[in-house]
Each structure stands twice: as structure tokens, then as C-alpha cells.
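Just below is one structure, and these are the notes that go with it.
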Amino acid sequence: MTNGPLIVQSDKTLLLEVDHPDASACRMAIAPFAELERSPEHMHTYRLTPLGLWNARAAGHDAEGVVDALLRFSRYPVPHSLLVDVAETMDRYGRLQLLNDPAHGLVLRGLDRAVLVEVAKSKKVAGMLGAQLDPDTIAVHGSERGHLKQVLLKLGWPAEDLAGYVDGEAHPIALRQNGWQLRSYQREAVEHFQAGGSGVVVLPCGAGKTLVGAAAMADVSATTLILVTNTVAGRQWKRELLARTTLTEDEIGEYSGERKEIRPVTIATYQVLTTRRNGTFPHLNVFDARDWGLIVYDEVHLLPAPMFRFTADLQARRRLGLTATLVREDGKEGDVFSLIGPKRYDAPWKDIEAQGWIAPADCTEIRVTLPDADRLAYAAIEPEEKYKFAATAKAKLPVIEALIQRHADEQVLVIGAYLEQLHEIGRYLDEQGVPTPIVHGGTTNKERERLFDAFRAGSLRTLILSKVGNFSIDLPEAAVAVQVSGTFGSRQEEAQRLGRVLRPKGDGRQAHFYTVVSRDTIDTEYAAHRQRFLAEQGYAYTIVDADDVLSGPAGG
DNA sequence: CACCTAGCAA
DNA sequence: CTTCATGCTAGGTG
């Protein structure tokens, strides 16, 4: 392409011109292997990382395809050194293999003798390897399968784990045939997972990850341990399994702070497993309580650090990670890759939208100019207080109200992070004649239920949500969300909040996602960081001035 | 035993 | 960069 949308630079960044006619085709082509780094209005920056290339490799893409995509969309000649580097990096995955040798048990096999010699010399693998069996094979201590993979990844030679899995204790599980079937992408996800035996499936919020889990369980038909972030999610799993599989009430156990049941299918919270007492973990027996044939990690992007240690010892069991966003803010993507497994399936949000399983959404960033007094105050305060000050600016209040008026026929959620601010918004909206209750952490379960029921029934049109909206999944769906403040730059929070409005509307209506930020402050920067993940999924933010919202006629 | 609350961890 | 929400545990009550 002589005038393509992509500029490929030798520092491994890719610049995508957003308004170019081929921009969206280009984004589709590079998404499987490149990570979006910055997404301002006109030029998006992607980066090629080893982990991104290895994930693509594990998902079946080869260097030739990656090189082809870069050449096809590049505006200028692509630096030769970069193409060589891409090919070499991708070729590093799988030069070492972990295999199960009938005579010697777990072994490390080098498809390249020099690589095997190189890593065997490393101090970091000391103690993990046993005898050299032949020039291409070294015995591995069975208990070090996970640790070795972590170390090899850090050395830049990620091993392909072909050592197989134990079957575990068989337990019949089948999908019920009662008038539903797996969607095509769910079926593909299960097939890709099955082929690898361990790894991560990435699907948007509301795309039915639980059913992917249920189908994987039916395939394996063995006792299963499901790990979840909170008890609400655990109950949701149980409800879904009862509805969609042949499993019955007494086959499914809950292992949480409240209950300690271990059944053929056990749903446990991460937190109960990672609680410590006197320096030990009193609930680790759950892992050995049964001969689990499958372990499901729900919301794998939130996996707490100690879980990686336990997972290192579970490498012989099939492992399925489920998530909407593989990105972690703590940089532990490498541990997910080594210990849960590579990404096996990834359906872009826009693809699922095109199939009609999630509603189309338009995202708008509304910039509010602070009054002079606030700008002066902002300039003077300590850096650590700047974000809160900018995010909770009073100038946002009329904009929130105008948005609620603009969508007078829709149900609106107002979502924020600071309780004081949310109460202030509640008072303001009350004064404007839009009574809007708040649901926050301190709201009792009974009261939450009452408000959510009223919202679902339509008798309540507007609702303010605190961070409860990031965690709990038993929340109402709306067509419009207004985000007023966030947890600094959390990308998963943004994705979670957008997910609140993506349930398909009966009449094919659009969903609207607004984020209100203070101009010329750190609020704008954090908003840009939060938007990165969704930009990667193809959601374009329109930036408008608050005055257009306040004065303009009803639009949208 | 069921239910509540405070304190803590990450 | 700091808040907020959560779940677990222990120690109370009726």
C-alpha cells in the first residue's frame, strides 16, 4: 500500500492514522499481536511486545501473517530490522517444549540444541532440571513445571507446554437441550481451549463467558473447581450451571467465608483461598480435596498474586481463564501467560456487536472548563489532591443534568468514585426535580434490591452508582451511562462501566456512554488512559465541549 | 445456631 | 495517588 494508514517505526511502535479510510481494517489486522498504548484523537500508538507476539503465536498466527499485515498497511517502507525482529521473537516461542516422556516423566526438549544449552546454563533454572537424557532432552523435576515456565519466559524462551494433563475424577456433565444453543463464538472459544487444554478466553462483558465455562466442563466431564472474585459472581455461576447443564443442586458446592462445601463442582472465592493465618493458608486443602479435572479462573485479570503461586503447583490440571480484559494494571500478564496459559481465543467487542449480541454504543468525552477560581485553586493544591479536586469539580453538575434531560426517554446511570461527589450530585438532581437515589457500599442489600428492582421495572429512571458498579454483577442495565469520576486510570473499570449499557436493546437502540472530565487537568489524562482498552476494541470517543451539551438541543 | 458488627487485608 | 468496596474472621447477642 503506497498511502496506507500505518506508520511502522523501528522502535517497535506503530502509528495508526484514525481518520484514514483503511484504519478500521488495519486495526482488525494488527489487534491480534499489537497492544494499543496511546489513543488521542487522530493518531493511535500501538506497540509490538514479545508477550503480544507470543500470544498471537500460541493462538495460531505465524510471523508471516504478522509481517504481511505490517507490509500491507504501512505507508512507508517497513524497517527491515523490525521485520527480522518480529520473525525472530515469534520463533522463540516453542523452540523449547515441555513433554511427558514415558520413561523419564517430565522433560524439556530443545528443538534447537543451542537454546537448550543456553537456558540450562542459567542460574535461574538451577534446581529445576535433572539429568541430561540426550543432547536434546533434559529431565525436569515434576513439581517445577510451572516455575520453569515462568523462568523460561523471563529468559525470553517461552516453552510450549505439551506435557498433557491428568483426567481427574470423572463426573458426568452435559449441556441441557432445552431450547438454546451455544453461540458460534462461544463454541469456537471452547474448541480453541480444548485444543490447548489450558489458557485464557477473552470475551466482552455480557457475552456469556459462563456458558463457555459450562461447555468446557461438559467436554471434560470431570470434577471442576471454579474460582470467582466474589460471592455474587459465585451464585450467578451456580444459577447458570443449574439452568444450562444437567448438574443438580446437590452436585454444586460453595466454598466461601460463609460455607465450606466441597462437591463434584465446587465454586470457591479467591479470597477464602488466599486468606492467611499464622503465615499459612488454612484453606489450601481445597486444591487437594478432590482430583479436579478442570479449574476455571473467572475474571482472570483480577487474579490475586498468591493465586499464581498455588497455580504453579497445578500445572497438570486443565485450566481455563475467563476475562473481558486481559490487561492487568500490575503488569503480571507474563505470569498469566506462563501459569494459566496463553490466550486461546479473543473476540473483538465490535465483532460481537456486529452479530447483535451486544448493543452498539457511542462514547463521548465531555470537557468542562473550570471557573477561574477553581483553576487557581487547582494550580495551588498538592499534587496528590489534584485528581480528586478536578474529578469532583462542581462545574460538572449542570452537564450531568443536561445529559439526563437530553435522554428523557431513557434510563440513566450516573457512575462515580467519590462518595461526597455522588451525594452532591444526588442533592443537585433532587433540587432540579430529578429525584435520584444512590447505591454505594454502605447501602444494605435489602435497599439495593429494592432500588434495582424499581430501576428494572422502570418506575425509577435515574440511579447513582459508586464503585459497587465495578464489582457486583447483579446490577440493572441501562441505555445511558454518565461517568463522573474514576479510579485514576483503571482500564478495566472503564470496560466494566461501559458493559453496564451494552445489553442489547429490544428495538436495536444505541447505547450512550458519557464521561465528563475537567479540561486542562489531570482528570483529562486519566480519562485518556482509561479509554485505551476500549479504543483497542474499536470504540472511538467523540470529544465535545460542555457548552455544546448545555446549550444544544436534544441530540443523540 | 442464625445473625450482626468491627477490624483487617490487599 | 488514594479512595472505596469487598470478603473473611472473630467475637458478640438472642
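Basis for what follows: all heavy atoms, side chains included, without hydrogens, waters or symmetry-related copies. Because the structure is a prediction, the values reported are computed rather than measured. Sequence lines set the chain letters: A, B, ... in the order given, protein chains first and strands last, and positions in each chain run from 1.
- The separation between E258(A) atom CD and dT9(C) atom P is 12 Å, rounded to whole Å.
- Here dC4(C) presents its P atom at 8 Å from OH of Y418(A), a figure rounded to the nearest Å.
- Counting non-hydrogen atoms under 4.0 angstrom, F488(A) reaches a base of the nucleic acid.
- Note that K386(A) lies in the cation-pi zone of Y378(A), set by a 6.0 Å cut-off to the ring centre and a 45° limit from the axis.
- Comparing dT6(C), dC4(C), dG7(C) by their closest approach to the side chain of V468(A) singles out dT6(C).
- K388(A) contributes no side-chain N or O that forms a donor-acceptor pair with the base of dT3(C) under 3.5 Å.
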From CA spacing to verdict: side-chain contact (heavy atoms from CB on, under 4.5 Å), H529(A), E525(A): CA-CA 6 Å; H529(A) 186 262; E525(A) 282 172 45; over 6 Å; no
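- A distance of 6.0 Å or more separates the ring centres of Y539(A) and F513(A).
- At the heavy-atom level, T274(A) lies nowhere under 4.0 Å from the strands shown.
- For H529(A) and dC1(C), the NE2 to P distance is 15 Å, given to the nearest whole Å.
- Here the side chain of R276(A) is nearest to one of dA10(B), dA10(C), dA5(C), namely dA10(B).
- Close to dT9(C), at under 4.0 Å from its OP1 or OP2, lies a side-chain N or O of H283(A).
- Of all nucleotides listed (dT6(C), dA5(C), dA10(C)), dA5(C) comes nearest to the side chain of H440(A).
- The side chain of K260(A) has dT9(C) as its nearest neighbour among dC8(C), dT9(C), dA5(C).
- The nearest heavy atom of DNA chain C to R277(A) and to Q271(A) marks one nucleotide each, and the one closer to the 5' end goes with Q271(A).
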Test side-chain contact (heavy atoms from CB on, under 4.5 Å) applied to V484(A) and Y418(A), step by step: CA-CA 9 Å; V484(A) 295; Y418(A) 295 99; over 6 Å; no
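- Judged by distance alone, with hydrogens and angles left aside, Y270(A) brings no side-chain donor or acceptor close enough to the base of dC8(C) to form a pair under 3.5 Å.
- The distance from atom CG of L302(A) to atom P of dA9(B) is 21 Å, rounded to the nearest whole Å.
- Residue T275(A) has no polar side-chain atom (N or O) positioned under 4.0 Å from OP1 or OP2 of dC8(C).
- Aromatic rings from F533(A) and H301(A) are positioned such that their centres are separated by 6.0 Å or more.
- Separating the NZ atom of K467(A) from the C1' atom of dA5(C) is a distance of 7 Å, rounded to the nearest angstrom.
- Among the heavy atoms of the strands lying under 4.0 Å from R448(A) are primed sugar atoms or P, OP1, OP2 only; no base atom is included.
- Nucleic acid contact for T231(A): sugar-phosphate only, since backbone atoms but no base atoms lie under 4.0 Å from a heavy atom of the residue.
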